[in-house]
Amino acid sequence: QVQLVESGGGLVQLGDSLRLSCAASGRTFSSYAMGWFRQAPGKEREFVATMRWSSASTAYADSVKGRFTISRDKTKNMAYLQMSSLKPEDTAVYYCAAAALKLLPVSKYEYEYWGQGTQVTVSS
């Protein structure tokens with residue numbers, strides 16, 4: 001049973017940085033892609049970033065490119081989302097997700113496993 005548990009969310013100010021963590025368990029993730037999505041109130045869940053677990057190749061949404069960095073620590077089975085230059089429009093619940101046998105999936109429908117989410121609020 002794959003389990004994903006996010007942590008690291010909180011209330012920050014405009015321009016601050018924050019690092020989200022995702023603890024992954026229950027599977028060997030070498031053939032998986034790990035992704036981050038976010039959902040603001042009243043909006044659809046949207047793609048933020050994804051990474052191939054094995055190769056560390058990445059893809060980002062245009063809205064976060066240059067500000068957010070996805071990474072992983074294989075030894076700890078952890079995925080991370082380093083967020084900098086945060087803006088109020090980055091406010092959302094952030095979800096970690098895992099997709100088997102995918103390259104760099106950007107659609108939420110390609111992910112089989114999801115965490116419970118962590119709230120990020122950016123105040124101006």
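Predicted, not measured: the structure shown is a model, and the values here were computed from it.
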Could you give the distance from [atom1] ([X]) to [atom2] ([Y]), rounded to the nearest 0.5 Å?
X	Y	atom1	atom2	result
Arg72	Asn77	CZ	CG	10.5 Å
Ser7	Met78	OG	CE	5.5 Å
Lys87	Ser124	NZ	OG	13.5 Å
Tyr95	Lys108	OH	NZ	10.5 Å
Asp73	Ser21	CG	OG	10.5 Å

Shared hydrophobic cluster, [X] / [Y] (ILVMFWY, side-chain heavy atoms < 4.5 Å):
X	Y	answer
Phe37	Phe29	no
Val93	Leu20	no
Leu81	Leu4	no

Would you check if [X] and [Y] make a side-chain contact, meaning some heavy-atom pair closer than 4.5 Å?
X	Y	value
Arg38	Val64	yes
Pro88	Leu14	yes
Cys96	Trp36	yes
Leu86	Phe68	yes

Minimum heavy-atom distance [X]-[Y], with the two atoms named:
X	Y	value
Leu18	Gly10	CD2-N, 4.0 Å
Gly9	Val120	CA-CG2, 4.1 Å
Ser85	Ser17	N-OG, 4.4 Å
Tyr111	Ala97	CD2-CB, 3.4 Å
Ser123	Leu11	CB-CD1, 4.2 Å
Met34	Trp53	CG-CE3, 3.3 Å

Heavy-atom donor-acceptor pair, [X] side chain to [Y] backbone, under 3.5 Å:
X	Y	answer
Ser107	Tyr109	yes
Glu6	Gln116	yes
Ser54	Ser31	no

Task: Stacked cation flag Arg27 on Tyr32, 6.0 angstrom / 45 deg - done: no

- [ ] Answer yes or no for Arg19 and Tyr80: cation-pi contact, defined as NZ/CZ to six-membered ring centre under 6.0 Å and angle to ring axis within 45°.
- [x] yes

Open item on the list: How about CD on Glu44, more than 12 heavy atoms from neighbouring residues, nucleotides or ligands closer than 6.0 Å, or not?
Closed with: no

Open item on the list: With a 6.0 Å cut-off (strictly less than), is the heavy-atom count around NZ of Lys65, excluding the residue itself, greater than 12?
Closed with: yes

TODO: Decide yes or no on side chain to side chain contact (heavy atoms under 4.5 Å, CB included) for Asp90 and Arg67, but give the supporting numbers first.
DONE: CA-CA 11 Å; Asp90 295 318; Arg67 299 189 299 123; 2.8 Å; yes

Open item on the list: As a quick check of understanding, evaluate side chain to side chain contact (heavy atoms under 4.5 Å, CB included) for Tyr94 and Met83, giving each step before the final call.
Closed with: CA-CA 11 Å; Tyr94 282 72; Met83 306 184 293; 3.9 Å; yes

Open item on the list: With side-chain hydrogen bond (donor to acceptor under 3.5 Å, both in side chains) as the criterion, how do Gln82 and Ser84 come out once you've worked through the C-alpha distance, each side chain's angles and the decisive distance to 0.1 Å?
Closed with: CA-CA 7 Å; Gln82 178 68 48; Ser84 60; over 6 Å; no

